[in-house]
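So the structure is just underneath, and the comments pick up after that.
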Amino acid sequence: MKQLNYKFVIKYILPGLFLAFCLAIPGFTSGYMLRVLNIALITYLCVLSLYVILGMCGQNSFAQAGLWGVGAYMAANFVMKMGAPPLAALLLSSLGTAVFAFVLGFAFFRLRQYYFTFASVGLMAILNGLFMNWNEVTGGALGITNIPSFSIGGAIIKSEPGNFYVIFFICLAAFFLMKVLFNSALGRSFMAIRDNEIAANCLGVNSLLTKSIAFGISGALCGAAGALYAFLAGYLSYQTFTFQQSTMYLIMIMLGGTMSPSGALIGTLIISLLQEWVRPLQNYMQFIYGAGIMILMIVQPEGIFGGGKAIYDKYLKHSKTARTEAD
Amino acid sequence: MTSISNTQKQPVLKLINVCKRFGGVVAANEISFELYAGEIFGLIGPNGSGKTTLINLITGIYSVDSGSIVLDGKNIVRMPIHNRARVGIVRTFQHPRLLGRCDIRANISLGKDLADKRKIPDTDKYQERMGVLLEAAGLTNVDLSDSIEKLSYGQQKMLEIVRALLSKPKVLLLDEPAAGLNRKEMSYIINLIDFAVKEDICVLLIEHAMDLVMSICQRLTVLNFGQQIASGIPSEIQENPAVIKAYLGGSRNAEN
Amino acid sequence: MNLQLLVSGVSTGVVYGLIAMGMVLIFRAVGVMNFAQGEFLMFGGYLCYTLNRLLHLPIGLSLILASLLMGAVGVIFMRTSYWPLRNAQARAIIVSAMGASIVLKEGARLIWGSIPVTVERVVNGSTTLAGSAVVQWQYVAIIVISAMIMALVYLLLEKTFIGHIMQATAQDQYMASLVGIPVIMSIGLTFALSAFLTGIGGGLLAPLFFLNNTMGATAGAKAFAAIVIGGFGSVQGAIIGGLIVGLVEAFGGAYISTTYQLVLIYVMLVLVLMFRPQGIFGGKIQEKA
Amino acid sequence: MKRILAILLIVCMAFGMTACGQPAATSGEKTAPASGAESAAKPIKIGLTTVLTGDRSLEGEYASNGIKIIQQEINDAGGVLGRPIEIVIQDALGTDVGAVNAYRKLADDSEIVAIIGSDSSNDNMAVSPAALELKIPTTAQGSSPKLRDMCNNDNPWLFQLRACDETLCASLMRYAVETGGYKKFAIIHDTETSSADQARLFTEGLAKYGIEPVVVVPFTTGTKDFTSHITQIQKAGVDAIIGACFQAEAAILIQQIRALGMTDIPIFGSNAFADPVTIRLAGDAVNGVYCASAWVPTTPNPKGAALAKKYKELFNEDCGKAAAQVYDHVSIIVEAIKRAGTTDRAAVRDAMNTIDNYEGAVTRYDLRTNGDCGRGGLLVKVENQVAVVLDQITSEKIIKK
């Protein structure tokens, strides 16, 4: 057995190294880069929510940035008007957004396929209109200022590195929850709906309920992301939670590949960092960014991770089966 | 119409005067038959005679225009699709509909999921049952963590039946299970159907392969243009002039 | 007052109709919603501005030339953001169109700057109808020109050979190529026509609403609502949907709420979807996107 | 092969567009110190976040031009502390996240002494926590009262180097009621941050005279057709209209008000109504518009007039508000560096607080408290498509300590 155990390397050593690297990040990055990463990780939660509803359940939603906003404003209100501790606000707003999304899903998922997508475009516009004009709850166009930082049991987390660890661990938890969901009966029923709704029904899957649950779970992720954003930014305004933001999530997940949480992470990081990399271009930055998206899509229409997985299946899995046959 | 069923047994599934029309086309006209536990019931007819439509009506994909479908004495015509699956009506498709981007284990687990939803208590025996089924289907050598795309068409069809059987259904509807399969694979299908019969599941079989239908079905019914033109045991059907005219025609020898 | 609202509603409505019609043409041809359609409006307007204000051509000629140039832009757009992805999933095409819309928006800013500009009116002045309703002739010009173009395009699609080729390709690309229709040309034509239709709206609207590089997003969003409300995938539906959106905007703003004018349209969109998903005038929809 | 072709096409498109692009406004990270004599000395860096790309890029165009002028002027005059200055620009993208990222990117450069925020209260409020955390003197171009309170109470590092809208709105309303003698007002405003704020302040300004607006018509940013809004105003029967929105909407609004038959009705507007862009777009219709503006190119202020002249020469356009503002912001920061005698951020912050009577191009500044530092603006009326200054508004600062 001179052969290296690929499975072991891929399953444990590489992720372990990656984890160690991530934990060390605050040690060698600047405040700016860390801020970018923090926002990217919060965005990752929203992209994961799109992974649940689009990648697993096959329903494309443009309302995710709206749900993100719902979570953010909920958290701000819980903390500032009701005096809830941030941790409780995080959980409550995640739960609240989940319920909100679930109820809406129950209404919207009577629509099939792209009609739901259309409805989600409408929902996004309606939510943005509310964020801008509902003075009592969202502070209107001026937004909400002076939102306290995140804290756990009295320990206030104000610095970027502190926030990084909090957000990182929540993302990690979400990542593993996705893995659990993927292997659960619920996850399988999502995927059955994605692949063929009628066949799924014939296996006892209630599509309306299941899709609503998927939307609810995506709402929970967006809600958590919203709360984290509120605590990190300290300021909320309508100009953050826009349709453009939702389309960016779609770009991210399409680029990374809709089929895995890791792909979503890669897509999120590429787009988030691409936006910052093109900064030195100043006036040309968005132009090159747009062209970059086009080129990336043309080169890798199935998403970058889609390609990666194909390579994994082709070479690494092959060597594994070869080995079992040799045994 | 002669019936060979045991009169002391209650039918599991009963169709009473089921009608369905699409625009001007009558897809099912006054169809009635009953299925008993552990029985293999054949449904044959030329292309476009309404066989698959009938399965779609039983599973609820289409709603019936009139008539009733009774499972264990309960009319289920108003039940949505997923609830019909949960009370024990499970089907396969002409072309297997599996989770294309998942591994084999996930696909099989969908059957277990349905069993859980049906509250079948023997989950501890699940592994054992799966092993038996996979062996019967000739799928013992496959790696369960492989992608579903690694399986041949025939194996995928087998897998779909295994998945259906894992949920311990009351009624199993097989839509052309043997189409496109070779002899060896056909024998696995027979294995699986035998397994179903042993578990007292009633099997409704749509099939074009005449020798298979004639050899394993206890009773048959023949459809033509949505009409039930004959019912009975295989030997009777084979001699029925209406059937020969409508379906087998002069090409019966070619069929074999 | 109502008459005045009617004229403004109809004239903005027909422009939404032009954009929506362009979107529907592309949707029918390639089965994907074009998320950069609003940018065509903006780009067409700027081309018209270049011809009219920078090269000092008369406005009529500028409009015609600009919309013809837009046809070329449409072909380039097709070649870069659709054609390389024609075999990929629809979502990939949507994403690349989003990238293209950023490129168009920012490209226009780099070329023409971010200070809003305007072009000449087709007809100057205004008239007073029914005592109090003031109607600017430009509004009437928009309605008349748009209606003419819509009618022409409709005839082109239904009555001419080119139209039949485009429709055949839209229905089944593979079959079309089997009977000898060059698919790339037919699709290119569709994109050109779509950009032409939408682009002319930019030049017409410019004197009333001015041009800036970000006007496409709002217009595109309203055209999208028009398509869904009118009936998905049908050309007539797009026109009627555009008119409905324009009128709801005008009368809803006057009688219900101006704050939530835009929200109103989307509430209507959601309601239409809930109760009549195929749209008010839509028929059967092919399952494509 | 086809993919490569497509990519080539995109690249060609990109190059084609950049080739036709305007040569202006590409200053940025690579801006070299202009003066040859001081090139040996290391430049003092000042950051600027502004919206270069995206939806509000008009501001960025003005700001980058204004920066060029002031940088040249200061360096030609020998710089500060014997060193030239260099202004580093980052794009705020017009979103909260973009503004904060741009700010953080600048803040990472420890040589940057102070940062100038963008022309939006939203952006300024979004970067406030970062300014407080990183302890960098930051100037805000937003004019919202909420921002003023934030500067005064929560964040000693943030300076609102601008007359708070309250002063301007109140004096415009005073003029409208006392001089104009109007009593029935309609307010039409954008629901976007600063416009909504100004609309509120106009209402408050009127309330001092016991007048309530007859009708308030809000609209969403990007609204192009105001027929339904204007018919509401017509129906209400008013003798003056108050408007608050950005340039493009203001121009459309003015044109449509005139076109729909209200040719004589006076329009009182926020900053944007007498902006050069608005005047150019709206044409004749803009005549007779009153405006309490922080800045017009026809300002009687000698420094401002010189700037306006210079800007016109260099860029062949009228000088916009954002250009004049960044001009003043840089001057004030340089003044503070001069007074502090060091580039230490805290020392510069303290030095800024000592500036109490600084004559800028826009107005006089008083930085003894952080908020509402600009002391006033101009009351203008547009006649023959020129903004004619009627009066200069100056308020004295009330220092509560």
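Order of the sequence lines fixes the chain letters, A, B, ..., with proteins taken first and strands second; residue numbering starts at 1 for each chain.
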Item to check | Contacting region of C/Val267 [heavy-atom separation from chain A under 4.5 Å] | outcome: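 C/Val267 touches chain A through backbone and side-chain heavy atoms alike.
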Item to check | Which atoms of C/Leu273 approach chain A - backbone, side chain, both or neither, heavy atom under 4.5 Å | outcome: both
Next on the checklist: With side chain to side chain contact (heavy atoms under 4.5 Å, CB included) as the test, pick out the partner of C/Ile102 among A/Met294, A/Gln244, A/Gln286.
Outcome noted: A/Gln286
Please classify the contact of [X] with chain C as side chain, backbone, both or neither, using a heavy-atom distance under 4.5 Å.
X: A/Asn128; answer: neither
X: A/Leu250; answer: both
X: A/Leu127; answer: neither

Item to check | A/Leu296 side, atom CG; C/Ser96 side, atom OG - distance, nearest 0.5 Å | outcome: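 One finds 11.5 Å between CG of A/Leu296 and OG of C/Ser96.
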Checklist entry - Could you give the distance from CZ (A/Phe287) to CD1 (C/Ile111), rounded to the nearest 0.5 Å? => result 8.0 Å
Identify the two heavy atoms, one from [X] and one from [Y], that lie closest to each other, and give their separation to 0.1 Å.
X: C/Tyr266; Y: A/Ala125; result: CD1-CB, 3.3 Å
X: C/Met274; Y: A/Phe108; result: SD-CD2, 3.9 Å
X: A/Asn283; Y: C/Arg109; result: O-NH2, 2.7 Å
X: A/Gly129; Y: C/Tyr260; result: O-CE2, 4.0 Å
X: A/Phe118; Y: C/Leu269; result: O-CD2, 3.6 Å

Item to check | Residue selection (most heavy-atom pairs with chain C, distance under 4.5 Å) from A/Ala107, A/Ala119, A/Ser120, A/Gly122 | outcome: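 Sorted descending by pairs with chain C, the first entry is A/Gly122.
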Item to check | Pairs of heavy atoms under 4.5 Å with chain A: top-ranked of C/Leu264, C/Val263, C/Val272 | outcome: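 Greatest number of close heavy-atom pairs with chain A: C/Val263.
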Checklist entry - Aromatic ring centroids of C/Phe224 and A/Phe243 under 6.0 Å? => result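 So the answer is no for these two rings.
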Next on the checklist: Please evaluate residues C/Glu106 and A/Ile288 with respect to the criterion side-chain contact (heavy atoms from CB on, under 4.5 Å), reporting the C-alpha separation (whole Å), side-chain torsions for both, the decisive distance (0.1 Å), and the verdict.
Outcome noted: CA-CA 9 Å; C/Glu106 289 297 315; A/Ile288 301 292; over 6 Å; no
Item to check | Steps toward side-chain contact (heavy atoms from CB on, under 4.5 Å) verdict (A/Ile293, C/Val95) | outcome: CA-CA 8 Å; A/Ile293 290 170; C/Val95 168; 3.9 Å; yes
Next on the checklist: Set out, in order, the CA-CA distance, both residues' side-chain angles and the distance that settles side-chain contact (heavy atoms from CB on, under 4.5 Å) for C/Met98 and A/Ile251, then state yes or no.
Outcome noted: CA-CA 8 Å; C/Met98 285 169 183; A/Ile251 291 172; 4.0 Å; yes
Checklist entry - Is the closest side-chain heavy-atom distance between A/Leu54 and C/Arg91 below 4.5 Å? => result yes
Checklist entry - What residues form a side-chain contact (heavy atoms from CB on, under 4.5 Å) with C/Ala192, not counting sequence neighbours? => result C/Val75
